[in-house]
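Each remark here refers to the structure printed beneath this line.
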Amino acid sequence: MSALQNDRLIRALLSQPVDRTPVWMMRQAGRYLPEYRELRAQAGSFMNLCQNPELACEVTLQPLRRFDLDAAILFSDILTVPDAMGLGLYFEPGEGPRFERPLRDAAAINALTIPDVDTSLRYVTDAVTKVRQALAGRVPLIGFAGSPWTLATYMVEGGSSKDFRHIKALAYDQPALLEQLLSKTASAVTHYLNAQIEAGAQALMIFDTWGGALAHDAYPRFSLAFAEQIIDGLIRERDGQRIPVVFFTKGGAVWLERIAQCGADALGVDWTISLTQARARVGDQVALQGNLDPSILYAEPHVITREVERVLAEFGHGSGHVFNLGHGIHPQIPPEHVQVMVDAVHRLSAVWHE
């Protein structure tokens with residue numbers, strides 16, 4: 001495969017010098033783009049898009065045709081892993097993902113098996129290979145997965161949840177049983193991410209979307225410990241190149257010092273903490289990724305530019321920053337506003353690397 005022409009993302013994640021701050025967006029391939037919505041309608045369903053490597057490759061490349069981004073992120077879904085574990089993923093219109101067979105008792109958790117990535121998730125690794133070939137070294141490709149805790153919330157609740165009542169009851173009533181589920185899920189995710197690396201992913205991201213829903217003393221036990229299990233088991237070098245790993249807990253600022261010790265090269269940071277504070281708290285242990293509030297992209301262009309400048313200034317001089325949103329882009333945001341953000345990062349960030 002082709003050598004990287006633009007390696008800013010890789011260098012920044014490894015806290016190496018860059019000429020300007022790299023920028024990409026969580027959910028950059030998705031519903032805010034009209035060309036995505038058109039292709040989604042043609043495909044007939046979200047899962048048809050995910051499970052067709054050619055279509056997944058096309059969706060992954062769509063934002064790169066519009067914007068001068070410093071990375072591609074594979075178009076897929078975090079719930080492909082529990083689907084491959086036999087839970088029966090489907091999408092309810094207007095309500096999001098659902099599982100036909102949620103895990104509500106010890107028998108169901110004991111029966112859960114770790115999937116064979118080469119068979120049940122081959123469509124994902126095939127998509128990775130196709131995207132790498134199509135990129136031809138233009139920018140790096142990021143592979144990803146959900147954290148065991150975040151995946152387990154869907155697996156136990158049967159879908160998204162506001163109160164997490166089933167999984168939190170499991171955590172408090174039968175913590176060892178929940179840990180058994182989390183350990184199995186961590187093993188599945190480790191195999192899955194390593195398969196993405198073998199297929200061509202050049203960086204990895206672990207999304208712990210619901211880690212911030214845990215109590216202060218439950219987060220290290222039920223979320224962070226199993227993310228560390230994954231990170232410990234990952235391939236960290238391929239073809240002589242380091243594979244950076246980013247770990248992102250939404251709402252995780254309170255645990256930042258502890259998370260910085262998890263073994264990841266970089267931490268995603270949401271908008272609830274300034275990058276100045278985050279950098280002061282973690283020092284040079286890890287790079288930081290973030291952290292513009294996605295809702296700022298609803299604002300007028302001059303406001304977006306001002307807020308981009310603020311985020312860059314909050315991190316300050318030196319290496320180790322990847323510009324991103326504090327969470328995924330909202331579906332209703334105009335693509336032209338994304339262009340303003342990307343252009344502003346490119347134009348304004350060079351002075352912080354002199």
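Transitive grouping of hydrophobic side chains (ILVMFWY, heavy atoms separated by less than 4.5 Å) brings L275 and V308 into a common cluster. Grouping the Ile, Leu, Val, Met, Phe, Trp and Tyr side chains by contacts below 4.5 angstrom, directly or via other members, places L49 apart from Y90.
Contact check for T125 versus T129: no side-chain heavy atoms found under the 4.5 Å cut-off. By the 4.5 Å heavy-atom criterion applied to side chains, P244 and L204 are not counted as neighbours. Between D19 and H353, the closest side-chain pair of non-hydrogen atoms is not below 4.5 Å. Contact check for V18 versus L9: no side-chain heavy atoms found under the 4.5 Å cut-off. Put simply, the side chain of R281 reaches to within 4.5 Å of the side chain of I273, judged on heavy atoms.
With D239 contributing its side chain and Q241 its backbone, the two residues share no donor-acceptor pair below 3.5 Å. With hydrogens and angles ignored, the 3.5 Å screen pairs a side-chain donor or acceptor of N48 with a backbone N or O of A43. Proximity of a side-chain donor or acceptor of N194 to a complementary backbone N or O of I235 within less than 3.5 Å is detected. Checking side-chain atoms of R11 against main-chain N and O of P17 turns up a donor-acceptor pair under 3.5 Å.
No more than 12 heavy atoms of other residues, nucleotides or ligands sit less than 6.0 Å from atom CZ of R31. Crowding of R165 atom CZ: a count of heavy atoms from other residues, nucleotides or ligands under 6.0 Å not exceeding 12. Other residues, nucleotides and ligands contribute at most 12 non-hydrogen atoms within 6.0 Å of the NE2 atom of H216. Remark: R66 CZ is packed, more than 12 non-hydrogen atoms of other residues, nucleotides or ligands lying under 6.0 Å away. Counting non-hydrogen atoms of other residues, nucleotides and ligands closer than 6.0 Å to CG of D163 gives a total above 12.
Between Q180 and N110, the side chains place a donor N or O and an acceptor N or O closer than 3.5 Å (distance only, hydrogens not considered). For the residue pair Q339 / D343, a side-chain donor-acceptor distance below 3.5 Å is found, with atom types taken as modelled. There is a side-chain donor-acceptor pair under 3.5 Å between Y219 and T249. Judged purely by distance below 3.5 Å, without hydrogens or angles, the side chains of S147 and T150 pair a donor atom with an acceptor atom. Between N6 and D70, the side chains place a donor N or O and an acceptor N or O closer than 3.5 Å (distance only, hydrogens not considered). For the residue pair Y192 / T80, a side-chain donor-acceptor distance below 3.5 Å is found, with atom types taken as modelled.
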Using atom types as modelled, flag every donor-acceptor pair under 3.5 Å from a side chain in residues 166-175 to any protein atom, sequence neighbours excluded.
residue	atom	partner	partner atom	Å
K168	NZ	A213	O	2.6

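Taking CD1 of I243 as the reference point, atom CD of Q196 lies at 11.5 Å (rounded to 0.5 Å). The distance from atom CD1 of I329 to atom NE2 of H337, rounded to the nearest 0.5 Å, is 11.0 Å. In this structure, S15 OG and Q285 CD are separated by 11.0 Å, a value rounded to the nearest 0.5 Å.
Remark: of the listed residues K130, R65, R40, R65 is the sole one forming a salt bridge (charged side-chain N to carboxylate O under 4.0 Å, His left out) with E58.
Considering all non-hydrogen atoms of both residues, Q28 and A71 come closest at NE2-O, 2.9 Å. For the pair T21 and F323, the tightest heavy-atom approach, listed with the atom from each and the gap, is CG2-N, 3.7 Å.
Relative ring orientation between Y32 and F67 is described as parallel, the plane-to-plane angle staying below 30° on a 0-90° scale split at 30° and 60°.
Aromatic ring centres of F99 and Y154 lie farther apart than the 6.0 Å criterion allows. Ring pair F164/W210: centre-to-centre distance below 6.0 Å. Taking the six-membered ring wherever Trp is involved, the centroid distance between the rings of F144 and F248 does not fall below 6.0 Å.
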